[in-house]
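Atom set for the values below is all heavy atoms of this structure, side chains included, hydrogens, waters and symmetry mates excluded.
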Amino acid sequence: DVLSSGGTAADAAVAATYIMSVTNPGNVSLGGGGVWIVHDSKVGATETLDFVSPAGSGDPGGRATAVPTLPRGMLALHSRYGRLDWRLLVSPSEQLARLGYRMSRAAAADLHLAARPLFRDPAMREVFLAPDGKPYREGMKLRQLDLAATLGKIRAHGVGTFYTGPLARQIVDATRDAGGSLTLQDLRDYRPDWRETIVVPVGDDEVHFTPPPANSGLLMAQAWAMLTGNDRYKDADETVRAHLLLESVKRAYAERASYLDGKLGFQGDSLEAMVDPAKMDRLMR
C-alpha cells in the first residue's frame, strides 16, 4: 500500500516495522532496536543505519536494560529516504493495535516459549493473557490499547514524545520499578548513527554487511569471504559444498571470540583487515 501510494522503500520499511511492533512483538518492539542496510541507486551509495540498543547507564538493580532505539531509528531512515507523511506510516499500526488483530502462529509460538518469565510481570499478564486465563493463541484476537495510545502519540507529536516529556518519564519509572537501568538522560541523549558497511568484493560485484555492534554482520561477512575467496564454493564439487558452508560459518564463529568483548563490544582490527583475503585464507586452512 505504501509503495502504491508513491512511497519509497524506506517509507514501506518504516510502516512495516511499526506494524510488526504490534503483530510480532517477540522480534520487533518499540523497546528494542536494529540496523538497516540502505542502497541509494541514484548516487550509487550503500550505507548502514545503526540503531542497535546500548545498555542503560543507571543502576541495573539486577536487570540491565537496553535503551529503546527503534523509534529514533525509524525517524532517521524516514528523514533521509522517506517521502510520505510520517503520520500515514504510523497510523496503520496504531489502528491495528486499537482494533485488534488475529494472532499469527509465529507470534503465538513466541508467546508460548516466553510465557513463564514473561507472566511474572503483572503488566504483561494484563496484555497477553486471554480472558480464559491462558496465553493468547493462534487465531485469537488481541487488542493492545496502551500500545495504540503510544503509537498515537508518536503519530501525532513525532518520535520526540517517546524520548522526552511525560511519556519518557513513564517509561523510565516503569523500568526502574522493574529493577532496570534506564535513565531519562539515556533516552534524551540517544541518536542513531549512519555508518559505512563492511564490503566483500565478489568478482565485479560487492556484497555489503552491517558493521559492529551488529556483530552478526561481521560474522557473515567473514563466512562469505571465506566461501568466495579463490572461488572455493564455486569450484567445489556439489558433494562438499554443504561441508564448506558449515566450516566457513564455524570458523567465523570461532574467530568472533578474538574480537568481541562482552562489555566493550568490538575490539578487533580495522573492518577491512577483518575480511582481508590473506586472513580469510589462513582461517580456511
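- Here the side chains of Q144 and R98 are not in contact, with every heavy-atom distance at 4.5 Å or above.
- Here L245 sits in one hydrophobic cluster together with M226, L227, Y233, L244, M280, L283, M284; the rule is ILVMFWY side chains under 4.5 Å apart, joined directly or through other members.
- At least one side-chain heavy atom of F51 sits under 4.5 Å from a side-chain heavy atom of L49.
- When every heavy atom of P71 is checked against every heavy atom of Y18, the shortest pair comes out as CA-OH, 3.7 Å.
- Interatomic distance, CZ of F119 versus CZ of R125, reported as 9.0 Å (0.5 Å rounding).
- For Q185, the side-chain hydrogen bond (donor to acceptor under 3.5 Å, both in side chains) partners at least two apart in sequence or on another chain are D189.
- V28 and L77 fall within the same hydrophobic cluster, where Ile, Leu, Val, Met, Phe, Trp and Tyr residues are linked whenever their side-chain heavy atoms come under 4.5 Å apart, directly or through other members.
- Proximity of a side-chain donor or acceptor of T228 to a complementary backbone N or O of D231 within less than 3.5 Å is not detected.
- Within the 3.5 Å criterion, the main-chain N or O of V199 finds no donor-acceptor partner in the side chain of T197.
- Proximity of a side-chain donor or acceptor of Y101 to a complementary backbone N or O of V22 within less than 3.5 Å is detected.
- Summarising the geometry, atom CZ belonging to R102 is positioned 6.0 Å from atom NZ belonging to K141; distances are rounded to the nearest 0.5 Å.
- When side chains are defined from C-beta on, F128 counts as touching P25, because their heavy atoms get closer than 4.5 Å.
- Listed for the R191 side chain is a donor-acceptor partner under 3.5 Å among the backbone atoms of R188.
- Within the cation-pi definition used here (under 6.0 Å to the ring centroid, within 45° of the axis), R72 qualifies as a partner of Y163.
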Give the table of side-chain donor-acceptor pairs shorter than 3.5 Å for residues 149-159, with sequence neighbours excluded, one pair per line with atom names and distance.
{"unit_1": "T150", "atom_1": "OG1", "unit_2": "D146", "atom_2": "O", "d": "3.1"}
{"unit_1": "R155", "atom_1": "NE", "unit_2": "E94", "atom_2": "OE1", "d": "2.5"}
{"unit_1": "R155", "atom_1": "NH2", "unit_2": "E94", "atom_2": "OE2", "d": "3.4"}

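- No side-chain donor-acceptor contact under 3.5 Å links T65 to the backbone of G56.
- Counting heavy-atom neighbours within 6.0 Å of H39 NE2, excluding the residue itself, gives a total above 12.
- The number of heavy atoms from other shown groups lying within 6.0 Å of CG (D235) is above 12.
- I37 and M220 fall into different hydrophobic clusters, where Ile, Leu, Val, Met, Phe, Trp and Tyr residues are linked whenever their side-chain heavy atoms come under 4.5 Å apart, directly or through other members.
- Note: L260 CG to E255 CD = 11.5 Å, rounded to the nearest 0.5 Å.
- For the atom pair M124 CE and L111 CG, the distance stands at 10.5 Å (nearest 0.5 Å).
- A donor-acceptor pair under 3.5 Å is absent between the side-chain atoms of D193 and the main chain of R195, judged by distance alone.
- The closest side-chain heavy-atom distance from N27 to M20 is not below 4.5 Å.
- Scanning all heavy atoms of the two residues, the minimum distance from D132 to K134 falls at OD1-N, 3.0 Å.
- By the rule that hydrophobic residues join a cluster once side-chain heavy atoms approach within less than 4.5 Å of another member, V35 and V67 end up as members of separate clusters.
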Would E138 and M103 satisfy side chain to side chain contact (heavy atoms under 4.5 Å, CB included), going step by step from the backbone distance to the final call?
-> CA-CA 5 Å; E138 179 186 357; M103 180 167 280; 5.8 Å; no
Can you check side chain to side chain donor-acceptor pair (under 3.5 Å) on D50 and T48, steps first, answer last?
-> CA-CA 6 Å; D50 174 1; T48 294; over 6 Å; no
Apply side chain to side chain contact (heavy atoms under 4.5 Å, CB included) to the pair Q222 and K279, showing each step before the final yes or no.
-> CA-CA 10 Å; Q222 289 188 326; K279 180 181 180 70; 4.1 Å; yes
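- Of all heavy-atom pairs spanning A10 and G82, the tightest one is CB-N, 4.3 Å.
- With a 4.5 Å cut-off on side-chain heavy atoms, P135 and L129 count as touching.
- Judged by distance alone, the side chain of T164 and the main-chain N or O of T161 form no donor-acceptor pair under 3.5 Å.
- Between F162 and L30, the closest heavy-atom pair is CZ-O, 3.8 Å.
- Using a 4.0 Å cut-off between charged side-chain N and carboxylate O, D85 and R87 make a salt bridge.
- Residues T17 and W36 form a side-chain contact, since some pair of their non-hydrogen atoms from C-beta on lies under 4.5 Å apart.
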Go through the steps to decide whether V172 and R176 satisfy the test side chain to side chain contact (heavy atoms under 4.5 Å, CB included), and finish with yes or no.
-> CA-CA 6 Å; V172 169; R176 286 176 178 170; 3.6 Å; yes
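- Listed here is the closest heavy atom pair of A114 and P117: O-CD, 3.2 Å.
- Of the possible polar contacts, none joining the R137 side chain to the A109 backbone as a donor-acceptor pair under 3.5 Å is found.
- V38 and V200 fall into different hydrophobic clusters, defined by Ile, Leu, Val, Met, Phe, Trp and Tyr side-chain heavy atoms under 4.5 Å apart, directly or through other members.
- With hydrophobic clusters built from ILVMFWY side chains whose heavy atoms lie under 4.5 angstrom apart, V90 does not share a cluster with L88.
- Contact detail for R83 and D11: the closest heavy-atom pair is N-OD2, 2.8 Å.
- Side-chain N/O atoms of T183 and D186 include a donor and acceptor closer than 3.5 Å.
- The OG atom of S21 sits 5.5 Å away from the CG atom of L147 when rounded to the nearest 0.5 Å.
- A heavy-atom distance below 4.5 Å is found between the side chains of L89 and L84.
- Not a single donor-acceptor pair under 3.5 Å links the side chain of S93 to the backbone N or O of I19.
- By the 4.5 Å heavy-atom criterion applied to side chains, R116 and R120 are counted as neighbours.
- More than 12 heavy atoms of other residues, nucleotides or ligands sit less than 6.0 Å from atom CH2 of W86.
- A donor-acceptor contact closer than 3.5 angstrom links the side chains of S53 and T69.
- No donor-acceptor pair under 3.5 Å is formed between the side chain of N230 and the backbone N or O of R232.
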Apply side chain to side chain contact (heavy atoms under 4.5 Å, CB included) to V14 and L75, showing your working.
-> CA-CA 8 Å; V14 169; L75 178 63; over 6 Å; no
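- Distance check, rounded to the nearest 0.5 Å: CD of E247 to NZ of K250 gives 3.5 Å.
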